[in-house]
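What follows is one structure encoded as structure tokens, with my remarks underneath.
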2 protein chains.
Amino acid sequence: MDAKQKFEQFVASEGLRRTGQRTKVLDVFLATERHVTVQELHDLVRKKHKGIGYATVARTVKLICESGLCRQVDFGDGALRYEHKYDHEHHDHLICVECGKFEEIYSPKLEKLQHELVRKYDYVQKSHKLDIFGLCPECAKKNAQKTT
Amino acid sequence: MDAKQKFEQFVASEGLRRTGQRTKVLDVFLATERHVTVQELHDLVRKKHKGIGYATVARTVKLICESGLCRQVDFGDGALRYEHKYDHEHHDHLICVECGKFEEIYSPKLEKLQHELVRKYDYVQKSHKLDIFGLCPECAKKNAQKTT
DNA sequence: GGAGTATTTGATAATGATTATCAATAGCAC
DNA sequence: GTGCTATTGATAATCATTATCAAATACTCC
């Protein structure tokens, strides 16, 4: 099913209303292949649609999360970021603590191990978040030179 | 080496000063086997030592992190939490999204896999954070009853 | 031990992100 | 179209973290 359809279905099933603002925010969000803050998304939305307010963007991106099309990520820089899941596999993040660059990583083995762990504790897994912090090759090189 | 010694050594090595406030905050923090916010830690500290301000607690807990004796955790509830590493192995978290309860989990296999992944991307690993969200056995049971 | 200097402290203000408020607007069911 | 209620947008409130700055204090050198 199409992402927009899925969202509209969710909105309907919750007894909420279909509005132009929600559609527009979703469109811009799906077209953005980045991990945006609400602030950034608001800026992007306003480039195309002047009148849409910050609060509406914030509320809508939360809704999109609830619909399952988006997830929050937190790189520890003080602002929540959002990434949509449309056309994306689940993945984790490898984040450079020096320059902020990151890689999206995925390992089936890792996923499997996690599920085993969760089962061991009798939990029912909903989601997870694995962030690995380190130095990217470039920054690692720079750091090595500095200490020389 | 003792945790307090390690901290004092760190403070000295950074050219910082050894103060009564830092020692007191560290003591209270090490005696707390919980994941505290700065607010909570400040409250705990004030029970024993009236005059210590919020800013000092916030600054000190950051210092403790830098010294390697503490790490930030973020359960997504809007406030950063801190847990000390004294007498604790590294571990990840399994967090119940219903009741907020959590387990500390650890798996050497998982750690090993991560290191392999990081190496694949030529990164130098500094730390990582794995949070798995789900339902604890109790909440899973309650939810199952609701749907019946 | 005492003076000089730079760090630290504590109260408070500033900042920044998120959430709440509320009158005006606009979907939706009839 | 009408009536009801959710939604919107501007703004204020909230909350955690960070910055500010004068006063207090730790450390160095004598």
Side-chain angles (χ1 to χ4, degrees), chain A residues 7-29 35-67 70-82, chain B residues 4 7-29 35-67 70-83:
Chain A
F7 181 65
E8 284 176 12
Q9 189 182 309
F10 171 79
V11 167
S13 73
E14 294 282 308
L16 304 173
R17 289 176 184 171
R18 181 181 165 179
T19 69
Q21 285 91 336
R22 282 179 181 157
T23 306
K24 285 167 188 162
V25 171
L26 180 63
D27 280 347
V28 174
F29 184 49
H35 299 63
V36 291
T37 62
V38 173
Q39 193 62 255
E40 290 166 355
L41 185 56
H42 183 217
D43 290 344
L44 290 172
V45 169
R46 289 184 85 131
K47 277 188 196 161
K48 289 210 170 183
H49 314 284
K50 277 281 171 53
I52 297 184
Y54 180 95
T56 301
V57 174
R59 285 184 288 230
T60 303
V61 79
K62 271 193 137 183
L63 252 193
I64 300 174
C65 281
E66 286 171 39
S67 80
C70 161
R71 71 168 178 157
Q72 272 189 3
V73 292
D74 186 350
F75 291 170
D77 60 348
L80 293 172
R81 293 174 181 279
Y82 297 89
Chain B
K4 290 173 75 172
F7 180 66
E8 283 176 12
Q9 188 183 309
F10 171 78
V11 169
S13 74
E14 295 283 307
L16 304 173
R17 289 175 182 173
R18 180 180 165 178
T19 69
Q21 287 90 334
R22 284 178 179 158
T23 307
K24 285 168 189 162
V25 171
L26 180 63
D27 280 347
V28 173
F29 184 49
H35 301 64
V36 290
T37 62
V38 173
Q39 192 63 256
E40 289 166 355
L41 185 57
H42 183 218
D43 290 344
L44 288 171
V45 168
R46 290 185 84 131
K47 278 190 195 161
K48 289 208 169 182
H49 314 284
K50 278 279 170 56
I52 298 185
Y54 180 95
T56 301
V57 174
R59 285 184 289 232
T60 304
V61 81
K62 270 194 138 181
L63 252 192
I64 300 174
C65 281
E66 285 171 38
S67 81
C70 161
R71 71 166 177 158
Q72 274 189 2
V73 290
D74 185 350
F75 291 170
D77 60 348
L80 293 173
R81 294 173 180 281
Y82 298 88
E83 64 177 352

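Because the structure is predicted, anything quoted here is derived from the model rather than measured. To find a chain, count down the sequence lines: A is the first, B the second, and so on, and within it residues start at 1.
- Each of B:Leu44, B:Val36, B:Thr23 was compared with B:Val28 under the side chain to side chain contact (heavy atoms under 4.5 Å, CB included) criterion, and only B:Leu44 meets it.
- With values rounded to the nearest 0.5 angstrom, B:Glu14 atom CD is found 9.5 Å from B:Ser67 atom OG.
- Taken over five-pair windows at either terminus, the axes of the helix from C:dG1-D:dC30 to C:dC30-D:dG1 are inclined to one another by 40° (rounded to 10 degrees).
- Near DNA chain C, meaning a heavy atom under 4.0 Å from it, residues 43-52 of chain A has no residue at all.
- For the atom pair A:Arg71 CZ and A:Ile64 CD1, the distance stands at 15.5 Å (nearest 0.5 Å).
- Remark: B:Phe7 engages no residue in a ring pair (Phe, Tyr, Trp, His ring centres under 6.0 Å) (not counting sequence neighbours).
- The distance from the OH atom of B:Tyr82 to the CG atom of B:Asp74 is 10.0 Å, given to the nearest 0.5 Å.
- Taking SG from B:Cys70 and CZ from B:Arg81, the interatomic distance works out to 13.0 Å, rounded to the nearest 0.5 Å.
- From B:Thr60, atom OG1 reaches atom CG of B:Leu26 across 9.0 Å, with rounding to the nearest 0.5 Å.
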Query raised in the report: How does each nucleotide of nucleotides 24-30 of chain C score, in 5' to 3' order, for protein heavy atoms under 4.0 Å: base (B), sugar-phosphate only (S), or none (-)?
Result: ---BS--
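- Taking the ring pair (Phe, Tyr, Trp, His ring centres under 6.0 Å) definition, one finds that A:His35 meets it with A:Phe75, A:His93, A:Phe102, sequence neighbours left out.
- In terms of heavy-atom proximity, A:His42 sits nearest to A:Gly53 at NE2-C, 3.5 Å.
- Each of B:Leu41, B:Leu80, B:Val25 was checked for a side chain to side chain contact (heavy atoms under 4.5 Å, CB included) with B:Val61, and the lone residue meeting it is B:Leu41.
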Report task. At under 4.0 Å between heavy atoms, which parts of nucleotides 11-23 of chain D does protein reach? Answer with one letter per nucleotide, 5' to 3': B base, S sugar-phosphate only, - none. Result -> -----SBBBB---
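- Put simply, CD on A:Gln72 is 15 Å from P on C:dA17, counting in whole angstrom units.
- In this structure, the separation between CZ on B:Arg46 and NZ on B:Lys24 is 13.0 Å, given to the nearest 0.5 Å.
- Screening B:Leu63, B:Asp27, B:Thr56, B:Ile52 for a side chain to side chain contact (heavy atoms under 4.5 Å, CB included) involving B:Arg22 leaves a single residue, B:Leu63.
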